[in-house]
Amino acid sequence: MKRKENPLRQLPENSSNLGEIKVKLKSILEERDISMNQLSFRVEMQRTQLRNYRDNKIQRLDIDILLRLCYVLECDLTDLIEYIPPEDND
């Protein structure tokens, strides 16, 4: 009997480039002409924390914050974050 191949790929030896997660908050705010002060008030968060999301300076995504943002901005999670795969250098 032929062995079935695993459809999942292995992590590369150098896992420093797995791609990136981009938070698209800045473009959403610009498109909708929403200020950080307005958003901060509506999502009940400090501007400093929101600024980190806007500027993609976060290390870990917080589900509660993502829920608040999606609710207040009336958007889907896929509107807010995007996975950018690494470039293949094979």
Side-chain angles (χ1 to χ4, degrees):
M1 198 184 319
K2 191 173 180 183
R3 190 170 186 182
K4 192 174 182 181
E5 285 292 319
N6 188 336
L8 301 174
R9 66 179 174 180
Q10 296 289 328
L11 288 174
E13 285 183 29
N14 179 4
S15 62
S16 65
N17 189 11
L18 299 173
E20 68 177 291
I21 299 291
K22 181 180 178 188
V23 180
K24 301 184 286 187
L25 184 59
K26 184 176 182 176
S27 61
I28 291 173
L29 294 177
E30 289 172 356
E31 287 171 7
R32 299 182 186 190
D33 195 27
I34 300 169
S35 73
M36 288 294 286
N37 287 338
Q38 291 171 319
L39 186 61
S40 174
F41 176 76
R42 295 293 171 118
V43 296
E44 299 177 0
M45 287 175 52
Q46 294 180 1
R47 283 182 307 225
T48 307
Q49 191 175 20
L50 279 174
R51 195 174 300 118
N52 288 335
Y53 272 79
R54 180 195 67 193
D55 298 340
N56 281 287
K57 293 184 178 178
I58 53 172
Q59 294 298 312
R60 300 195 189 308
L61 293 170
D62 184 317
I63 290 178
D64 182 60
I65 292 172
L66 295 174
L67 283 169
R68 290 174 185 215
L69 290 170
C70 286
Y71 180 83
V72 168
L73 295 169
E74 295 180 355
C75 68
D76 288 331
L77 190 56
T78 56
D79 298 328
L80 192 57
I81 61 173
E82 173 184 15
Y83 170 66
I84 301 169
E87 293 182 14
D88 283 334
N89 295 328
D90 293 340

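Just so it is clear, the structure is predicted and the values come from calculations on it, not from any experiment.
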Chemist: To the nearest 0.5 Å, tell me how far I81 CD1 sits from K24 NZ.
Modeler: 9.0 Å

Chemist: Identify, with sequence neighbours excluded, every residue that meets salt bridge (charged side-chain N to carboxylate O under 4.0 Å, His left out) alongside R54.
Modeler: none

Chemist: Restricting to non-hydrogen atoms, name the atom on L69 and the atom on L25 that form the minimum distance, rounded to 0.1 Å.
Modeler: CD2-CD1, 4.4 Å

Chemist: Does V23 offer a backbone N or O that forms a donor-acceptor pair with the side chain of N56 under 3.5 Å?
Modeler: yes

Chemist: For the NZ atom on K26, are there more than 12 heavy atoms of other groups (residues, nucleotides or ligands in this structure) within a distance under 6.0 Å?
Modeler: no

Chemist: Return the CG to CG distance between L29 and L39, rounded to the nearest 0.5 Å.
Modeler: 5.5 Å

Chemist: Is atom CZ of R47 surrounded by more than 12 heavy atoms (other residues, nucleotides or ligands) closer than 6.0 Å?
Modeler: no

Chemist: Other than I63, what residues sit in its cluster of Ile, Leu, Val, Met, Phe, Trp and Tyr side chains whose heavy atoms are under 4.5 Å apart, directly or through others?
Modeler: L67

Chemist: Measure the CD1-CD1 distance between I65 and I58 for me, rounded to the nearest 0.5 Å.
Modeler: 7.5 Å

Chemist: Under the side-chain hydrogen bond (donor to acceptor under 3.5 Å, both in side chains) test, which residues partner R32, sequence neighbours left out?
Modeler: none

Chemist: Just to verify, what does D33 make a side-chain hydrogen bond (donor to acceptor under 3.5 Å, both in side chains) with, not counting sequence neighbours?
Modeler: none

Chemist: E20: what forms a side-chain contact (heavy atoms from CB on, under 4.5 Å) with it, not counting sequence neighbours?
Modeler: I84

Chemist: Donor-acceptor check, side chain of Q49 to backbone of Q46, threshold 3.5 angstrom: yes or no?
Modeler: no

Chemist: With the 4.5 Å side-chain cut-off for hydrophobic clustering, are I21 and L73 part of the same group?
Modeler: yes

Chemist: Nearest heavy-atom pair of C75 and L80: which atoms, and what distance?
Modeler: SG-CB, 4.5 Å

Chemist: What pairs meet the side chain to side chain donor-acceptor pair (under 3.5 Å) rule with one or both residues in residues 62-85, with sequence neighbours excluded?
Modeler: D64-R68

